[in-house]
Every structure is written in C-alpha cells, then in structure tokens.
2 protein chains.
Amino acid sequence: MSPLVKIRSERDRMSAVERRIADFILENAQLLRDYSSQQLANALGISQSSVVKFTQKLGFRGYPDLKFSVGETIARSENGDGGAPSAPIPASEGSSAVATLWRRKTEAEEATRLINAPESLDATVAALARAGANGRVFIIGLGEDDLYARGFALKLSLLGILAVHSFDASRMASNVSAAKPGDVLLVFSEHGRHPALYKIARFFHERRGQVVTVTRHTLNPLRTIADIALVVSAHDEQPHVQSLVYQSSLQHLLDGLFMRLCEEDDDRHAQLVANLERIGQMLEP
Amino acid sequence: MSPLVKIRSERDRMSAVERRIADFILENAQLLRDYSSQQLANALGISQSSVVKFTQKLGFRGYPDLKFSVGETIARSENGDGGAPSAPIPASEGSSAVATLWRRKTEAEEATRLINAPESLDATVAALARAGANGRVFIIGLGEDDLYARGFALKLSLLGILAVHSFDASRMASNVSAAKPGDVLLVFSEHGRHPALYKIARFFHERRGQVVTVTRHTLNPLRTIADIALVVSAHDEQPHVQSLVYQSSLQHLLDGLFMRLCEEDDDRHAQLVANLERIGQMLEP
DNA sequence: ACCGCGGTCAATAATTTATGCTTCGGCCAT
DNA sequence: ATGGCCGAAGCATAAATTATTGACCGCGGT
C-alpha cells in the first residue's frame, strides 16, 4: 500500500505529535527528499527520535525506508498525472523543433510497425534467407534511398547473404536480366513513382523472381506489382522534416528485418558475430 | 535525466571498477533499495569509498541521492509497464528483441542529446554555414560511417552547402592538401581509431582548417585533435544491436544539426524548399 | 495517593555516509 | 631509461544520519 495512504488511514489513531508528523508528510511529500529525520524534527519542533518511532509504528524499517517509499509513490503519481510540475521536458530541450522531430519520428516508427503485417516481414525474411542460400539478392534504390539500400546490403553481407547492390538503374537492368525463380529483388523508393524502377521490378517479376518493395504508405505504381510490399509511415507539415521522419522509420523497419534475420537462424548469428570480431580486429593493430 | 540513462551514457568513460559498479546498478537496479553503500561495495569486492566517489562523479549529492533517484525511476517505469496498458509497447511485441532495440535506441538518442553541449552544435552549425559560403566543407567516413557521411553531404547540398565527400582515405588526403583556413572537415568514425583518418584530420588541423569529429562517446585518438568533438552514445550487450543503436543515435544527432541549419537562416531554408520542389517535379512527368 | 501506561525527549549507541591521506600504476616529457 | 604528474583505488577516520535506551511527565483507573 502506498505510504501516503497508510499514513492517512492511521492518522485518526495517532497522538498529537504523530499527527503533526503525518500532516507534514502528507502536505510536503515532495520535500521529504531533502529532509533527514533530524531536519524534519526541527521543522516541527519535536525530537528526532519521535520521527523514527513514527516511521517504525507504521511498519517501515526506519526513516530512510519511509522516505524511499514516499519517493517511489511521488514518482509514480507524477508519471500518471503527466508530471505537471516537471512538464517542460520538451521546453528544456534546446530547440523545440528538435523535440517535434523526435515526436514525429516516434509516432511514425510506431505506425510503421503497425501497418506492416508480421506475415509480410516473416515472408521477407524467409525469402531473403532462401535467396541468400540458393539464389541471389538484388537491391536497388535511387538518391537518398540508395543510402538505405546500401546500408541494408552491407548488413546482409555481415550475415553471409551476399547482395547485388546498385544505385544505377541501367546497370541494375542488365544485372537483373539474369534473374531466376527464387531470386529476390529489394526495391527502395520513397514515392514508388520512378519509371525505371517500375520497369525493372516488372521484368523481375515476369522472370518469376520475388519482388519486395519498400515505399511510403501510399498507393503507388511500384507497390502494385510487388510480391511483398513493405510500407513506411511518415508525416509532417514541413517537407524537409517529413523526409527525416521517413528515413528514420525506414531505418527502423530495416532494423526490424535485420533483427529477425539474426534470430531466425543460429548459424547466421554465429557468422555475424564472427564477422564483427574480424572487423574489430582489423581496426586494432 | 534518468540516473540509469546517465550511468549508461558515461559507462564508456569509466575505469574498470566504476564500470563494474555501473553494470551492477544497471542490472540490479531494483535491488539497490536494500543495499547500503557498504553492502554494494562488498558485493563487488571493492571499497565503500569507491562507491561513494562513483555517485559523486555522476553528479549526485552522494550515495543516498543516487539510490533515491534510481528508486524513482524504477517506480515510474514499473508504473509505465505494468499499470497503464499503453498500447505502443505491447503492440510492438512481435519480437521482444525489436522492443529491446527500440528501448535502447530511445535511451541512446536521449543520452546523445544530453552529452553534446548546445555550444558544440551551434559552433558546428556556424562553421558549416561559414565554410559553405566562403570556403569548403570536406566530409569523410569509412565503412558504415560512409553512409552517414554521404547522407549528410546530400542534406547539406539541399541547403546550398556543397561538400566534398569521399569514402576513400587516400583520395581525401589529396583533396585536403588544398585546405585553407576557414575550411571545415567533418570526420565520421565510430571508434575514432582509424590511423588514416587521424592523419588527415591532423594535417587539416595544421593547415588551420576546423576539424569536427563525430565518434562514439569514448576517449579516442581522433577526438583529441578535434576543434569540435561531437559524440554519440549507444550501448547494448549484443554487438550487432549496439551497432544499430549507434547508427540510430548518430542519425538523430545529424538530424538535429540539419534542423538547426534550416532554422538558422531564412535564405537557406528557402533554398531547401526550392530544391525539394525541383526534385519533386523531376519525379512527376 | 499510587501504580501503570503511553508518549516524549535527551543522551547515546550503532550504522551509514563522506572525506583526507597514501599508495600504486600508467603516461608523458625530459 | 627516469623523474614527475595525474588519476584511480583503498584504508582509516571524521561526520552525518539513524536507531535505541532510559528517564521523565501527564493522565486515567484503582
């Protein structure tokens, strides 16, 4: 039971001095943090031992125990209330625009988690695993998307899944011409409107390769021809902020895929650990 | 800041004994309630004074103060997890590992915000603005860091700040040989241990260029020669998770810089809007 | 009036926390 | 190499906080 509730409930049965202690604590619970038993006694003009006996009668191990419990309760209730007094957390954060960005990112990452069915993620992981072992993985993205394509290809290679990465549509077109059933193509395109990517994806699909698209959560041409369509949520009034939010959510989605890949297979995980160690060693000597 | 986040963010800079204290507290925060500083010291086989000094270094008034703060935090988080059925966390429970990743990212981004002095960020923004107008900006990063170097260079170009980007140390070395006072070099290096980058940075510094390093929040060679050292906090037991967390925090730091650059100057902001529109048009027809 | 009883306090014991001092080991410049 | 410097860690101890003891007081019941 909360110490404050306990104090209140016993208040009626208390002696005069005890009641003054009880009232003080109930009124100034948040000040307790900075009071020793002696200071509390001074504040009330009573002896320190009375304070200690008070706490023991209530069933606490001693004064520090009561103090600790009250602290916990305050913390809990502040959290529940929303922390009215300490609310200016965003205000304290230097630039409020950064705080807004942070909030948008958080919202968007959560939304992104929710709009991608676990089955889609599992299917993607399975496809990548299969293609990594028996086929090929192709990855493409243009412009800013290229950075994420590149990053994901790098991560896959750590897991022992080699990916053909390209930031050039025409080169990728020729790479893809050798596609076989079982291969996987991962296309990153925020707006899903790039004609060249659309063509590549459709060609790949016709060759019975599996096409996974990663786009904004809109209706766009690219999604329509995907075998698996992963989507990213991201919104803000200002375009440049929205762009940051998109990238953050995209990264989070990819990190989720990566984690699933790691967990799904012990061998792969072992390979990852080995690779990381090898990289670490290359930097040391 | 939560005491646990604070401890985690400082962990890298700690000595061996301090790190053991930090780990113990992070692992057994809920046990702290019943531990005196002496008991904690015994549990770790170290001296009681080391425990007290540890707490003081972290900015607490002493051991009881730390204990109290940790108690508050535990209480708050217990309330958050168990009491209120706040949807986001359970919703993310497709894989608990992803939930952990999310938590680590959040902590690390918060810690990263706190360990970079606003003055450092402002100074970086000012340096980039000046060099963008009258001098040159050089950006380099190797391996995974290259992706972020590349991404940031791209963002700067949207703001009308052209940056010389390179993922090749030897090429960058020759680029840098033309460095003049007022130029800025931005070096991304998670561990700050790459000898080639160190040499480039030092050469640049000698030519009176301004060196901005972005590294993990550790003591590393690169930081020591920086005019401005930006740092990133990121921790997890599993190396591959830690790597994801690092990248996420790094991105957040860079996003913060970008936002400041946008806000600081209306002309630049206008240019950004214009560039975004131009890009949008290129995709439409 | 006298005893018992609960309550309070001052004095003090016990525990806990904080600090001063010393030693040790790594690091840098000579 | 060598001497000096600095930080880390421990030991001893001071300071503080907390807990206990025993004496005193007022009050109600016998």
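No hydrogens, no waters, no symmetry mates; every other heavy atom, side chains included, goes into these values. Just so it is clear: chains get the letters A, B, ... in the order the sequence lines come, proteins before strands, and each one is counted from 1.
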In whole angstroms, how far is the [atom2] atom of [N] from the [atom1] atom of [X]?
| X | N | atom1 | atom2 | value |
| --- | --- | --- | --- | --- |
| Asp34(B) | dT16(C) | CG | C1' | 15 Å |
| Arg20(A) | dG7(C) | CZ | C1' | 14 Å |
| Ile21(B) | dT17(C) | CD1 | P | 14 Å |
| Leu66(B) | dT17(C) | CG | P | 11 Å |
| Met14(B) | dG7(D) | CE | C1' | 15 Å |
| Lys67(B) | dA18(C) | NZ | P | 11 Å |
| Phe60(A) | dA19(D) | CZ | C1' | 17 Å |
| Arg61(B) | dT17(D) | CZ | P | 10 Å |

With a 4.0 Å cutoff (strictly under), does any side-chain N or O of [X] reach OP1 or OP2 of [N]?
| X | N | result |
| --- | --- | --- |
| Lys57(A) | dG7(C) | yes |
| Ser15(A) | dT8(C) | yes |
| Gln56(A) | dT18(D) | no |
| Ser37(B) | dT17(C) | yes |

> Taking the side chain of Glu18(B) as heavy atoms from C-beta outward, which of dT17(C), dA9(D), dT20(D) is closest to it?
Replying inline: dA9(D)
Does a donor on one side chain sit under 3.5 Å from an acceptor on the other, for [X] and [Y]?
| X | Y | result |
| --- | --- | --- |
| Ser177(B) | Ser174(B) | no |
| Ser2(B) | Arg8(B) | no |
| Arg11(B) | His235(B) | no |
| Glu109(B) | Ser248(B) | yes |
| Asn220(B) | Thr215(B) | yes |
| Gln247(B) | Lys155(A) | yes |

> Taking the inter-plane angle between the rings of Trp102(B) and His252(A) on a 0 to 90° scale, is it parallel (under 30°), tilted (30 to 60°) or perpendicular (over 60°)?
Replying inline: perpendicular
> Tell me, which of residues 40-51 of chain A have any heavy atom that sits under 4.0 Å from an atom in DNA chain D?
Replying inline: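 Gln48(A), Ser49(A) - these, ordered by number, are the residues of the stretch whose heavy atoms sit under 4.0 Å from the strand.
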